[in-house]
Amino acid sequence: MIQQFDALVVNKQDDQFTVNIQQLSLDDLPQGEVLIRVHYSGVNYKDSLAAIPNGNIVSSYPIVPGIDMAGVVVSSEDSRFKEGDEVIATSYGIGVSQSGGYSQFARVPAEWIVPLPDGLTMKEAMIIGTAGFTAALSVLRLEENNLTPEQGSVLVTGATGGVGSFAVSILSKLGYSVEASTGKESEHGYLKAIGASTIVSREDVYDGKLRALGKQKWSGAVDPVGGEPLASVLSQIKYGGAVAVSGLTAGTSLPATVFPFILRGVNLLGIDSVNCPMDTRLKVWHRLATDFKLEDLEQLVQQEITLKELPDVLPTLLKGEARGRTIVKL
Ligand SMILES: C=CC(=O)SCCNC(=O)CCNC(=O)[C@H](O)C(C)(C)COP(=O)(O)OP(=O)(O)OC[C@H]1O[C@@H](n2cnc3c(N)ncnc32)[C@H](O)[C@@H]1OP(=O)(O)O
Ligand SMILES: NC(=O)C1=CN([C@@H]2O[C@H](COP(=O)(O)OP(=O)(O)OC[C@H]3O[C@@H](n4cnc5c(N)ncnc54)[C@H](O)[C@@H]3O)[C@@H](O)[C@H]2O)C=CC1
């Protein structure tokens, strides 16, 4: 019988904002058909936003953040899952509108759960997490836009981050020549090790001047950075190419012109991991467990931490200090 367990709880009451470890009981968990003993979670940019007062992510407090979890089913009221099943639960309302993965136990609606695919351990699934899933979905969308390695280099912005690192590694594994953009000179070795062919600076991508059209440099791009750099990337994509945009670390406004779209047939592909339909979600996890799977996923792990280290680690992503993935052992 489960009495009490540890969780990270974020609360906002009047002017008080708190982030601390608390002892919860099963009665504190939300409704949902499946009770999961969480083994691993991870740290995504969105988790860091959930742990600050004005992150615009959490819809009601108190909440246990953690948009990702992998664990073992303890009990299920839904016939699709049974005790002992290894599962992944990410996205939807997890860690934003209802309690998430920074807890030893979680209760989740059955329709949000993905069976752990053959070929991945729970730990590997959380090294991947929403960041790796988003990178994989970006690559899938670029493939659907007919991108092939023969068309030339593909750009990855924010390349040392979670989404960026996975985009570099997956594209490299598929035979693409990858130009990885980073502002971190100290991480050039890391980017080469995970598959970058060339490292470019942030200034090579956006030199501070936005042009209607620039030289055609990249056949495609995976962009978790957004903002002005994205406008600059669009102006440098080759005829018919595409940019898969997922993020906003450089800002939310997009001061672009229509010219790349109407003169070069460039496509801007929106990437949403949160409400991605289940059939696509299963397809992406299958590819992450097969042809997208990296030989050494541990290379992308910056650190493995425990719940009590989370309050110090969460803010680091908002300062652009992530390198690959931080995973959390529950
Ligand atoms: C892992 C994923 C990620 O990391 S995504 C990146 C992190 N996400 C964010 O930073 C989003 C934070 N949200 C915001 O900043 C705001 O919600 C906003 C700017 C997107 C919109 O704010 P605004 O105040 O202008 O409008 P509302 O909040 O009232 O919403 C309007 C309308 O949009 C729907 N909506 C809001 N947030 C989302 C969302 N995350 N996904 C999908 N849809 C969203 C909201 O429900 C409203 O629609 P309605 O039909 O009226 O309900
Ligand atoms: N659309 C979706 O479903 C998803 C969106 N995201 C978004 O993708 C982005 C990245 O997420 P994570 O990889 O988890 O974060 P992360 O913190 O691991 O990586 C962010 C990267 O952006 C870089 N960066 C920060 N400021 C920059 C700037 N001004 N110019 C260029 N690069 C800059 C950082 O150095 C780092 O490499 C976030 O905005 C996140 O909200 C992430 C997952 C899913």
Side-chain angles (χ1 to χ4, degrees), residues 41-52 54-59 65-68 90-97 100-101 126-138 140-141 155-169 180-188 190-191 194 196 199-208 221-233 244-254 269-277 280-281 284 300-303 313-327:
S41 183
V43 182
N44 295 279
Y45 192 86
K46 196 172 175 183
D47 298 314
S48 302
L49 288 174
I52 58 169
N54 302 313
N56 249 333
I57 291 294
V58 172
S59 54
I67 64 170
D68 292 345
T90 66
S91 308
Y92 304 102
I94 295 170
V96 295
S97 65
M126 287 297 99
I127 295 174
I128 295 167
T130 287
F133 178 90
T134 303
L137 183 58
S138 303
L140 197 81
R141 292 291 182 236
L155 175 71
V156 176
T157 63
T160 59
V163 177
S165 291
F166 268 93
V168 169
S169 311
S181 167
T182 183
K184 298 172 192 155
E185 284 192 17
S186 59
E187 301 299 354
H188 289 196
Y190 164 73
L191 288 171
I194 65 170
I199 317 283
V200 293
S201 68
R202 287 185 187 176
E203 292 70 31
D204 286 329
V205 172
Y206 173 49
D207 63 8
V222 174
D223 179 44
V225 163
E228 292 184 350
L230 170 57
S232 182
V233 170
V245 58
S246 54
L248 44 72
T249 57
T252 56
S253 66
L254 179 55
L269 312 173
I271 303 300
D272 172 44
S273 63
V274 179
N275 292 304
C276 170
T280 306
R281 190 175 294 279
V284 172
L300 274 71
V301 180
Q302 181 175 21
Q303 55 190 335
V313 170
L314 281 163
T316 60
L317 273 74
L318 301 179
K319 294 186 220 151
E321 290 171 4
R323 193 199 75 183
R325 298 274 297 150
T326 291
I327 56 168

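For ligands, and for the atoms within them, numbers begin at 1 and follow the listed sequence. Keep in mind that the numbers below use all heavy atoms, side chains included, and drop hydrogens, waters and symmetry copies. Treat the numbers as computed from the prediction; the structure is a model and nothing was measured.
- Among protein heavy atoms, atom 15 (O) of ligand 1 sits closest to N56 ND2, 3.5 Å.
- With respect to atom 41 (N) of ligand 1, the closest heavy atom belonging to the protein is N275 ND2, 4.9 Å.
- Annotation: atom 11 (C) of ligand 1 to nearest protein heavy atom, I57 CD1, 4.2 Å.
- Among protein heavy atoms, atom 6 (C) of ligand 1 sits closest to L248 CD2, 4.0 Å.
- When all heavy atoms of M126 and R325 are compared, the closest pair comes out as O-NH2, 2.9 Å.
- Listed by chain and residue number, the protein contacts of ligand 2 are N44, Y45, T130, T134, G158, T160, G161, G162, V163, K184, R202, P224, V225, S246, G247, L248, T249, A250, I271, D272, S273, L317, G320, A322 (heavy atom within 4.0 angstrom).
- Between T90 and F133 the shortest side-chain heavy-atom distance does not fall below 4.5 Å.
- Counting heavy atoms under 4.0 Å from ligand 1, residue T252 does not touch it at all.
- Residue T130 comes nearest to S273 through the heavy atom pair CG2-OG, 3.6 Å, listed as atom of the first residue, atom of the second, then distance.
- In terms of protein heavy-atom proximity, atom 5 (S) of ligand 1 is closest to K46 CD, 4.6 Å.
- At a distance under 4.0 Å, a protein heavy atom can be found next to atom 9 (C) of ligand 1.
- In this structure, atom 1 (C) of ligand 1 has a protein heavy-atom contact shorter than 4.0 Å.
- For atom 44 (C) of ligand 1, the nearest protein heavy atom lies 4.0 Å away or farther.
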